[in-house]
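Everything quoted here is computed from the prediction, not taken from an experiment.
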Amino acid sequence: QGSSAYGILLSGAASNTITSNSITTSGSSASGVWLNGSSSSNTFSFNTIKTSGASAHSLELISSSTNTFLGDMLNASQGQEVFSSASSDGNIFTNVTIDATKITFMGRDFSLNASSVPAAPPTIQQVVEAFSFVFQNQSATSWLIVNASYNQSLLNVKAAEASISWFRH
């Protein structure tokens, strides 16, 4: 605990495997996992990472690239689930759970956090949570690829795959 608490901090570290941990931090600028200083080719899998604090991050990547996150569960009660700087590239997030929704994504110079869900019109059934992706510096080098999955059993009716849509709010 403390204003800048870290659950796991890697600085200049490469090729580590961190699996099946429960990491909880709190503090105004806490980070569950903080990768800095060219930390690369690290693998995080099936960790539960929770943070609380106004500017806290479950995962914070500064100048760290080509890391893999697989099946991790992220929760930042006040801050952001993921913060990735412009100098962090090629990090892959696969089947990461954020507020009960699994998503797969990769990007550069962005932050991600779960957000409140706008009310859906009565003719639309929502099957995934809402997320807020923000490009930090909105530079020409910012980018993001997202894939969200859903459970067909959550639908009240049999829907054709082609009728499922993404909405931007």
Requested in this report: Under the side chain to side chain donor-acceptor pair (under 3.5 Å) rule, collect the residues that match up with S40, sequence neighbours excluded.
Outcome: none
Query - Co-membership, hydrophobic cluster, residues V33 and I18, 4.5 Å side-chain - result: yes
Query raised in the report: With a cut-off of 6.0 Å (strictly less than), are more than 12 heavy atoms of other residues, nucleotides or ligands near CE of M106?
Result: yes
**Report entry** pair T97-D72: side-chain heavy atoms closer than 4.5 Å
**Finding:** no
Requested in this report: Write out all pairs satisfying salt bridge (Lys or Arg N to Asp or Glu O under 4.0 Å) with one or both partners inside residues 76-89, taking only residues at least two apart or from two chains.
Outcome: D89-R108
Query - Check: T24 and T48 side chains under 4.5 Å, non-hydrogen atoms - result: no
Query raised in the report: Is any side-chain heavy atom of N75 less than 4.5 Å from a side-chain heavy atom of I49?
Result: no
Requested in this report: State, yes or no, whether a side-chain contact exists between N91 and T66 at a heavy-atom distance under 4.5 Å.
Outcome: no
Query raised in the report: Just wondering, do I8 and L10 contact through their side chains at under 4.5 Å, heavy atoms?
Result: yes
Query raised in the report: How about L61 and V82: do any of their side-chain heavy atoms sit closer than 4.5 Å?
Result: yes
Query raised in the report: Tell me the ring-ring contact (aromatic ring centres under 6.0 Å, His included) pairs involving residues 3-32, sequence neighbours left out?
Result: Y6-W34
Query - By side chain to side chain donor-acceptor pair (under 3.5 Å) - contacts of N36 (at least two apart) - result: none
Query raised in the report: CG of N67 to CG of L59: how many Å apart, nearest 0.5 Å?
Result: 10.0 Å
**Report entry** Residue pairs, two or more places apart or on separate chains, that pass ring-ring contact (aromatic ring centres under 6.0 Å, His included) and touch residues 48-80
**Finding:** F44-F69, H57-F83, F69-F93
**Report entry** Listed partners of S52 passing side-chain contact (heavy atoms from CB on, under 4.5 Å), at least two apart
**Finding:** S26, S77
Query - From OG (S58) to CG (N47), nearest 0.5 Å - result: 11.5 Å
Report task. For S38, enumerate each residue passing the side-chain contact (heavy atoms from CB on, under 4.5 Å) test, keeping only those at least two apart in sequence or located in another chain. Result -> none
Query - Partner set under side chain to side chain donor-acceptor pair (under 3.5 Å) for S88, not counting sequence neighbours - result: S85
**Report entry** Under the side-chain contact (heavy atoms from CB on, under 4.5 Å) test, residues paired with T17 that sit two or more places apart
**Finding:** T19, T43
Query raised in the report: Any side-chain heavy atom of N42 sitting closer than 4.5 Å to one from T68?
Result: no
Requested in this report: Only counting residues at least two apart or in another chain, list the ones meeting side chain to side chain donor-acceptor pair (under 3.5 Å) with S31.
Outcome: E60
Report task. Look up atom NZ in K50 and atom CG in L74, then write down how far apart they are to the nearest 0.5 Å. Result -> 11.5 Å
